[in-house]
2 protein chains.
Amino acid sequence: MPTQKDVAKLAGVSFMTVSRVINNNGYVSEETRKRVEDAIKQLGYSPSFAGKALNRGRTDTIGVMTPVRFGDGFGNVYLLGLIRGIELGCRKYKKDMLFSPFATDDPDFDYLRPYKQKKVDGLIYIGMQSMPEEVHREIQRYSIPCVVIGDRPDDHSISWVDTDNERAGYDSVKRLVSLGHERIGFVGLIPEMYNSNIQDRENGYKRAMRELLSMDDSEKWIMRSRFEEVSVYKAVRERFEMLDRPLTALFCATDRIALGALHAVKDIGLRVPEDVSIIGFDGLIKEFLFNPTIASNEQPLVEMGKRAAEIINRHIENPNFPRETCIFPVYPVDGDTVAPPPVSLN
Amino acid sequence: MPTQKDVAKLAGVSFMTVSRVINNNGYVSEETRKRVEDAIKQLGYSPSFAGKALNRGRTDTIGVMTPVRFGDGFGNVYLLGLIRGIELGCRKYKKDMLFSPFATDDPDFDYLRPYKQKKVDGLIYIGMQSMPEEVHREIQRYSIPCVVIGDRPDDHSISWVDTDNERAGYDSVKRLVSLGHERIGFVGLIPEMYNSNIQDRENGYKRAMRELLSMDDSEKWIMRSRFEEVSVYKAVRERFEMLDRPLTALFCATDRIALGALHAVKDIGLRVPEDVSIIGFDGLIKEFLFNPTIASNEQPLVEMGKRAAEIINRHIENPNFPRETCIFPVYPVDGDTVAPPPVSLN
DNA sequence: TTGAAAGCGCTAACAT
DNA sequence: ATGTTAGCGCTTTCAA
């Protein structure tokens, strides 16, 4: 690859003049500029990143940390929406995105390596699982520009972008209650798989059950499983078979869970939505023209990613920029799986 | 961030010794090494990427070019699988991945900027749409290490990894023919949306129709639409309403298309698979526990991505490494949407 | 076993 | 308007 010097030689000027032309600062005569530009084009020269980065201490690159495997099924539609948003932000600010292999299984794994190496100017962390305390401390110690998406670190040096999952949980139950439902269950995950988002949805469910239906023991209508539909299917089926009277509605922590629940309910011999209503979370199913379409909740993922990119850029430009926190709304999504409860026969 | 000099000062040695400890080359006494390592830990030092890159001309970063939007629906499950594989490869070789905003709409857009800037050591191009001729020439001119996934550039300086879509198309029709089908349609895309993969599937379909059923005018049973289900739905419905006798099977260019076709066929009043069989492509649907599950074809995406990463690494390590091309098999996936054709009544 | 010097490509500051 | 110098953090080469 040609360097500034090669261009300088070809154009018959010093490399400093080339630098001036590239960065468009300082005085360069029209004629010289033209000669330099021709030489640049002729050689196909692009300024070396390493040289510039070393000199300026800037890389124009944002690190994106995703503690989630790409390509592992459904959960990634969440990831994809966020990345799309981050990409839009990066385009606006002319930054690239750096993804580093993530290895939580390795005890020596260094979350912050890309920054410490000065390979990136800042980090966006997609918070599907929380960062270790120690990482927080390091971020503070080195004043690393950092934005977390989908979690809310207490840490005053870390900005975050999130949705109001608790409220969305509450509102989902409210939608069902306003149709006349009372026997409303929650399908969540086993504790090992929880993240703060899902926990908040469950909290919202519980609060709604307490405040709207005066139910303090809603825990008894909570089912827990793993992410996969098979696991959900089993959990829901078993619970329904244990109950003397079936639940009339299920609020599910994710759309994928809702899908498993839907099949379980149908296989038990109950109809959806006539006997059991179902509401999911993430508004992703609609992409797939399901039949029935599943009522759900939608997070503005692209907007969230974009905002995160904007915030990180502000932190990079001005190290004294104060922490920014931002809660996006969750929108209800209509679907075929919601109806009033069946008329009680007793 | 601390530098080598800071570490050297703290450990009471020259920075050269620090460099030796880090790279584990040259002689360093056990005692000195210990002191340096302690200093490194105490300061939380990581070697600066820019300095190293400038000096060695290596960035340990792979550029990934995706001329597809993240987060735009289904097609991205393809993208995700590949990226997952690339990530696995990168982990193995301790590389990071650089994603740059992709802007085909910008006439000045430089596909190769990340390489020209020496921000990456090589490029993996996900070939959902072909690279312009001019880009090929530049790759050749600068001997850029490059691997294309999902397309087969003639260019002898570009390695590629692909699946045999033509054959998979042929085999899909063969599966249907062996069940007794003859009236088999193909649901593809309008020409503007074609890429070589989809084109190959169509070619396989046509060849099978010719060779297995002696049909030279299979074009008349080809439907074309956009990617979205609504568009597919309309195209299929219209075609069926025009035919005097319905087709008994549809081979669809993607699973998403298959989904749209499924709904169209059902809404016409035909049963799947009793009246119409459907085969899709990509084996992605199974993730979602559809009912019915859709018969399909599966590409080993993760393997492909991984292989691409391996090849690019070989090119980087040895600039004289010859072009490598690699065709992965496509596996048939069973599903509920395939059965023998209805018994003819005439 | 350790250190000193040179240079990778670039830009900021200072000449001319 | 253009050129020279120094230095960003690192490694390679040569010296001690």
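Reminder, nothing fancy here: chain letters follow the sequence lines and each chain counts from 1. Side chains included, hydrogens not; waters and symmetry mates left out as well; all remaining heavy atoms used.
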Asks: When you check the gap from the basic side-chain N to the acidic O, do Glu310(A) and Lys306(A) get nearer than 4.0 Å?
Replies: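 No, Glu310(A) and Lys306(A) are not salt-bridged.
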
Asks: If you find the nucleotide of DNA chain C closest to Val28(B) and the one closest to Pro2(A), which residue's nucleotide is nearer the 5' end?
Replies: Val28(B)

Asks: Measure the distance from NZ on Lys9(B) to C1' on dG9(D) and round it to the nearest whole Å.
Replies: 14 Å

Asks: Considering just the side-chain nitrogens and oxygens of Ser14(B), establish if one lies under 4.0 Å of OP1 or OP2 belonging to dG3(C).
Replies: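 So the side-chain polar atoms of Ser14(B) do come within 4.0 Å of the phosphate oxygens OP1 or OP2 of dG3(C), strictly under.
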
Asks: Could you tell me whether Glu31(B) and Lys34(B) have a side-chain N and a carboxylate O separated by less than 4.0 Å?
Replies: no

Asks: Give the rounded distance in Å between these two atoms: NZ of Lys34(B) and P of dT1(C).
Replies: 19 Å

Asks: Can a side chain N or O of Asn55(B) be found less than 4.0 Å away from OP1 or OP2 on dG7(C)?
Replies: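 No, outside the criterion.
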
Asks: Can you check the Arg56(B) CZ to dC10(D) C1' distance for me, whole Å?
Replies: 10 Å

Asks: Keeping the roles fixed (side chain from Ser46(B), backbone from Lys116(A)), state whether a donor-acceptor pair exists under 3.5 Å.
Replies: no

Asks: Can you tell me the distance, in whole Å, between the CG atom of Asn25(A) and the P atom of dC10(C)?
Replies: 15 Å

Asks: Establish, from distance only, whether the side-chain atoms of Thr163(A) and Gln299(A) form a donor-acceptor pair under 3.5 Å.
Replies: yes

Asks: Just the rounded figure in Å: distance from C1' of dC10(D) to NZ of Lys119(A).
Replies: 15 Å

Asks: Whole-Å distance between dG9(D) P and Asn23(B) CG?
Replies: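 Rounding to the nearest Å, CG of Asn23(B) and P of dG9(D) are 17 Å apart.
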
Asks: Using the side-chain heavy atoms of Arg20(A), tell me which of these nucleotides is nearest: dG9(D), dC14(C), dG3(C).
Replies: dC14(C)

Asks: Regarding Glu138(A) and Arg141(A), does a basic nitrogen lie under 4.0 Å from an acidic carboxylate oxygen?
Replies: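 Judged by the 4.0 Å cut-off on N to carboxylate O distance, Glu138(A) and Arg141(A) do not form a salt bridge.
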
Asks: To the nearest 0.5 Å, tell me how far Asp154(B) CG sits from Glu133(B) CD.
Replies: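 Between atom CG of Asp154(B) and atom CD of Glu133(B) there are 8.5 Å.
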
Asks: Please determine whether a side-chain nitrogen or oxygen atom of Ser19(A) lies at a distance below 4.0 Å from atom OP1 or OP2 of dT11(C).
Replies: yes

Asks: Tell me whether the OP1 or OP2 atom of dT2(D) has a side-chain N or O from Ser29(A) closer than 4.0 Å.
Replies: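 For Ser29(A), the contact criterion (side-chain N or O under 4.0 Å from OP1 or OP2 of dT2(D)) is met.
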
Asks: Report the distance from atom CD1 of Ile22(A) to atom P of dC10(C), rounded to the nearest whole Å.
Replies: 7 Å

Asks: Please classify the nucleic acid contact of Phe15(A) as base, sugar-phosphate, or nothing, using heavy-atom distances under 4.0 Å.
Replies: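 Result for Phe15(A) = base.
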
Asks: Please pick, from dT2(C), dT11(C), dG9(D), the nucleotide with the shortest atom-to-atom distance to any side-chain atom of Leu54(A).
Replies: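 For the Leu54(A) side chain, the nearest candidate turns out to be dG9(D).
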
Asks: Would you mind reading off the distance between Lys118(A) atom NZ and dG9(D) atom P, rounded to a whole angstrom?
Replies: 11 Å

Asks: What's the closest nucleotide to the side chain of Lys5(B) if the choices are dA5(C), dC8(D), dG9(D)?
Replies: dC8(D)

Asks: For DNA chain C, whose closest nucleotide is more 5', that of Arg33(B) or that of Val18(A)?
Replies: Arg33(B)

Asks: With respect to the phosphate group of dG3(D), does any side-chain polar atom (N or O) of Thr17(A) fall under 4.0 Å of OP1 or OP2?
Replies: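 The answer is yes; a side-chain N or O of Thr17(A) sits under 4.0 Å from OP1 or OP2.
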
Asks: With a 4.0 Å limit, can you tell me whether Gln4(B) has a side-chain N or O closer than that to the phosphate oxygens OP1/OP2 of dT11(D)?
Replies: yes

Asks: Would you call Asp96(A)-Arg91(A) a salt bridge at under 4.0 Å N-O?
Replies: no

Asks: Let me know which of Asp6(B), Leu10(B), Ile40(B) forms a side-chain contact (heavy atoms from CB on, under 4.5 Å) with Tyr45(B).
Replies: Ile40(B)

Asks: Given that Glu31(A) and Gly51(A) both sit by DNA chain D, which one's nearest nucleotide is further toward the 5' end?
Replies: Glu31(A)

Asks: Hey, is the side chain of Tyr45(B) poking within less than 4.0 Å of OP1 or OP2 on dC10(D), counting only N and O atoms?
Replies: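 So the side chain of Tyr45(B) is within the cut-off, an N or O lying under 4.0 Å from OP1 or OP2 of dC10(D).
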
Asks: For dT2(C), take OP1 and OP2 only and decide whether either is under 4.0 Å from a side-chain N or O of Thr32(B).
Replies: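 Looking at the OP1 and OP2 atoms of dT2(C), one of them is under 4.0 Å from a side-chain N or O of Thr32(B).
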
Asks: For the helix from dT1(C)-dA16(D) to dT16(C)-dA1(D), what angle lies between the axis at the first five pairs and the axis at the last five pairs, to 10 degrees?
Replies: 50°

Asks: What nucleotide, of dG9(C), dA12(C), dG3(C), holds the atom closest to the side chain of Met16(A)?
Replies: dA12(C)

Asks: Taking the side chain of Ser48(A) as heavy atoms from C-beta outward, which of dA1(D), dT4(D), dC10(C) is closest to it?
Replies: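 Of the options given, the side chain of Ser48(A) lies nearest dC10(C).
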
Asks: Verify, without hydrogens or angle tests, whether Thr61(B) (side chain) and Thr59(B) (backbone) share a donor-acceptor contact under 3.5 angstrom.
Replies: yes

